[in-house]
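Notes follow once the structure below has been shown.
Note that ligands are numbered from 1 as they come in the structure, with each ligand's atoms numbered from 1 the same way.
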Amino acid sequence: MTIIDSRPVLEESASESLHCGRKQLKHLDRIARKPPVDIEFQDLVYSIPDSKVKGGWRQLLKSVNGTFRSGELTAIIGPSGAGKSTLLNVLAGYVTAGVKGSIKINKKPRQMRIFHMLSSYIMQEDLVQPRLSVRESMVVAANLKLGSSIDKKDKQAVVDEVLSLLGLQNCVDTRTEHLSGGQRKRLAIALELVNNPPVIFLDEPTTGLDNVSIKQCMELLQKITRQGRTVICTIHQPPASLFQNFDQVYVMANGFCVFNGSPSRLVPYMSLSNCICPPTSTPADFIIEVIQSNPENIDIFQNQIQNGKCNLRNEDKTEPVVQQNHKIYEIYQDTTQAGITPQDIIFPSSCWTQFVILITRMFLQTRRNSSALYIQFFHHLLSGLLVGGIYFGAGDTASQTMSVFKFCILINVFIMYTYVMSPVLIIPTELCPMKREYFNRWYSLRAYFFAMSLVNIPIMIINLLMFLTIVYTMSYQPLELYRFFWFCTVSLTLAICSQGLGLAIGSTFEILNGSVVAPHILAVLLAFAVYGMGYGARVEPVMKVLMSTSYMRYGLVGVTSVIFNKRSPLECDDFYCHYRNPELLMAEMGMPDSNPQHQFYCLLIPLVVFRLLSYLALRYRMTSELRYKIVHYAAKIVKQKET
Ligand SMILES: Nc1ncnc2c1ncn2[C@@H]1O[C@H](COP(=O)(O)OP(=O)(O)OP(=O)(O)O)[C@@H](O)[C@H]1O
């Protein structure tokens with residue numbers, strides 16, 4: 001097996017792209033200049049709780065070591081389940097709980113707040129926001145990531161520069177859902193490049209791409225690396241033609257490092273352990289094959305490379321131009337000396353600006369989702385006509401008083417199911433692209449949460465008012481402004497409460513679990529809401545407490561009292577009408593002397609509680625540490641009970 005050292009070729013092409021890249025990125029470099037960053041890790045261990053393993057902890061990373069330098073493209077390779085993504089998650093700070101060992105940035109311990117400002121993580125699922133064009137997505141990213149101190153013209157220049165660097169200038173007006181796999185991947189990279197991060201992590205950037213797209217993607221990574229960035233990517237098995245293009249290869253197996261160095265050093269390294277790479281195999285495929293065919297080789301290689309402490313680098317590597325031109329300064333000093341506040345370190349734009357940008361983007365996406373808008377409109381219109389048809393003319397007839405009460409229950413059930421289930425089904429899909437943006441510190445959770453909570457309210461008001469007007473008039477309810485106002489107010493508040501409950505469930509569970517959990521919760525709330533109706537005041541105190549936990553009860557009592565309170569006796573068209581005076585029905589249903597204003601105030605409590613719960617659920621979903629702690633304590637409790 002001959003060893004091909006491609007460095008001269010690589011450097012020639014690299015210097016070309018470098019020249020081109022420097023010229024192209026003059027705006028980006030001017031407005032978002034960042035220092036070069038080296039990442040060094042020692043004795044890195046990552047464990048997860050696992051009751052099946054002795055000691056209760058399973059190590060996914062086993063004291064691995066290494067250094068990833070600026071201006072170098074590093075590939076973390078290895079067989080499936082080797083721990084590549086885990087290492088990337090730990091280095092990027094995506095996972096922090098359960099991590100031991102040291103991670104240093106430019107020889108200083110990593111401070112997550114600052115490191116987040118310097119790094120971007122492009123996840124395997126290259127999920128980008130739907131229903132936006134490439135340019136619109138880039139403008140949103142620039143507005144959020146570059147802050148309001150940089151003017152519109154400069155942001156536009158940066159967007160143009162990055163788009164042309166990534167070869168996306170021909171599809172600037174294409175909607176993201178119509179992009180090809182390769183274009184989507186490049187857009188995911190472009191979105192993270194707008195603030196010029198010196199460190200870029202990419203999880204499996206070539207997965208799902210054809211050979212041409214893989215080649216383009218690799219060339220692109222080389223290009224952005226040559227501009228002085230530290231680019232680290234995981235890759236399952238790199239194609240033979242591209243393997244030598246990496247500056248450093250970090251091979252993992254079973255949580256250990258089994259090779260660390262320049263690609264051209266891999267074959268001689270393996271031959272030291274009598275593993276001779278046949279000419280028909282590529283070095284990357286061969287080491288994976290050797291490890292998988294005999295797991296004992298993992299120990300041999302791991303000892304040989306001292307679990308990553310040794311780095312078999314080609315010393316002839318030239319430093320990237322950026323590093324030569326830049327004075328290497330300490331990033332920590334840099335950020336503190338510049339008078340940057342902790343808030344600036346976390347987010348470049350204020351919370352209000354983030355909220356405005358996010359809600360504008362969400363409005364645009366909602367407006368463009370015309371099929372969903374039509375479905376919602378026709379759902380309300382047809383349901384209104386159906387309910388109105390069923391109870392047509394019932395409102396002013398004494399013999400129909402009980403039917404009108406059922407009409408009130410039906411209105412409440414309609415509102416609850418409609419507004420709980422929509423977020424349960426929609427939110428989990430929206431959270432996927434949001435996770436990447438939030439982790440890369442585009443915005444705060446608070447800004448996203450408020451935007452997410454408020455964006456659908458106007459459409460809800462329009463549709464619900466249409467529904468309520470139809471059912472109210474078709475069922476001949478009293479045409480009094482006061483009653484109609486409170487009928488709409490209580491119903492709208494009930495809808496906002498239900499949406500809050502839906503947001504809480506949708507933020508906690510995936511679609512499948514959420515769509516099981518939500519109807520179960522609604523069934524219980526419904527049961528508590530109607531419990532004891534017909535018993536008059538004879539409801540047990542315990543049940544009274546449970547009934548008060550159902551927000552639907554407030555809605556039901558509120559709507560019923562709007563319709564029945566203070567009504568003069570109704571016209572009876574039968575021989576005898578028991579509920580000619582509707583207040584008698586109110587008393588028998590256990591809601592005498594109730595008024596809509598009081599129920600409205602009661603509804604404000606669950607309204608706030610559900611929003612708070614959904615914020616906490618979102619936080620739980622987005623913070624791996626919180627999740628880890630809860631799982632850890634739960635496992636501890638279970639273990640204590642077992643012993
Ligand atoms: N949160 C977790 N809980 C339990 N096991 C986990 C968790 N995360 C990772 N693992 C396990 O750790 C090991 C390494 O996973 P990792 O995703 O890092 O592998 P990988 O090398 O990236 O594999 P692939 O190339 O298939 O993506 C696997 O055995 C995986 O099942």
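Protein heavy atom closest to atom 14 (C) of ligand 1, with residue, atom name and distance, is Gly81 O, 3.5 Å. The nearest heavy-atom contact from the protein to atom 25 (O) of ligand 1 is Lys84 NZ, 2.8 Å. Residue, atom and distance of the protein heavy atom nearest to atom 17 (O) of ligand 1 are Ser85 CB, 3.7 Å. Of the protein's non-hydrogen atoms, the one nearest atom 26 (O) of ligand 1 is Ser80 OG, 2.6 Å. Annotation: atom 15 (O) of ligand 1 to nearest protein heavy atom, Thr86 OG1, 3.6 Å.
Comment: Lys215 engages Glu219 in a salt bridge, judged by a side-chain N to carboxylate O separation of less than 4.0 angstrom.
Close approach to Arg58 involves these atoms of ligand 1, each under 4.0 Å from a residue heavy atom: 4 (C), 5 (N). Atoms of ligand 1 found under 4.0 Å from any heavy atom of Glu204 (numbered from 1 in listed order, with element): 25 (O), 27 (O). Using a 4.0 Å cut-off to heavy atoms of Pro79, the atoms of ligand 1 that qualify are 21 (O).
A donor atom on one side chain and an acceptor atom on the other are not found under 3.5 Å apart for Gln302 and Gln304.
Not a single protein heavy atom sits closer than 4.0 Å to atom 1 (N) of ligand 1. There is a protein heavy atom closer than 4.0 angstrom to atom 6 (C) of ligand 1. In this structure, atom 31 (O) of ligand 1 is not in close contact with the protein, since no protein heavy atom lies within 4.0 Å of it.
Between Tyr615 and Phe449, the angle of the ring planes goes over 60°, which puts this pair in the perpendicular group of the 30/60° scheme.
No side-chain heavy atom of Leu202 sits under 4.5 Å from any side-chain heavy atom of Ile232. Between Arg436 and Trp442 the shortest side-chain heavy-atom distance falls below 4.5 Å.
Here the OG-CD1 distance, from Ser120 to Ile200, works out to 6.0 Å after rounding to the nearest 0.5 Å. Taking CG of Leu88 as the start and SG of Cys233 as the end, the distance is 8.5 Å to the nearest 0.5 Å.
Considering Arg313, Arg69, Gln222, Arg226 in turn, Arg226 is the only one that fulfils the side-chain hydrogen bond (donor to acceptor under 3.5 Å, both in side chains) rule with Asp247.
Residue Leu60 touches ligand 1 through its side chain alone, judged by heavy-atom distances below 4.0 Å.
For ligand 1, none of its N or O atoms has an N or O atom of Ile48 under 3.5 Å away. For ligand 1, one of its N or O atoms has an N or O atom of Ala82 under 3.5 Å away.
A cation-pi arrangement, defined by a distance under 6.0 Å to the six-membered ring centre and an angle within 45 degrees of its axis, is present between Arg441 and Tyr438.
Put simply, part of Gly83 is less than 4.0 Å from ligand 1, judged by heavy atoms. For the ligand labelled ligand 1, residue Gly255 lies outside the 4.0 Å heavy-atom shell.
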TODO: Verify side-chain contact (heavy atoms from CB on, under 4.5 Å) between Phe301 and Cys275, making sure each step is shown before the conclusion.
DONE: CA-CA 11 Å; Phe301 287 135; Cys275 297; 4.0 Å; yes
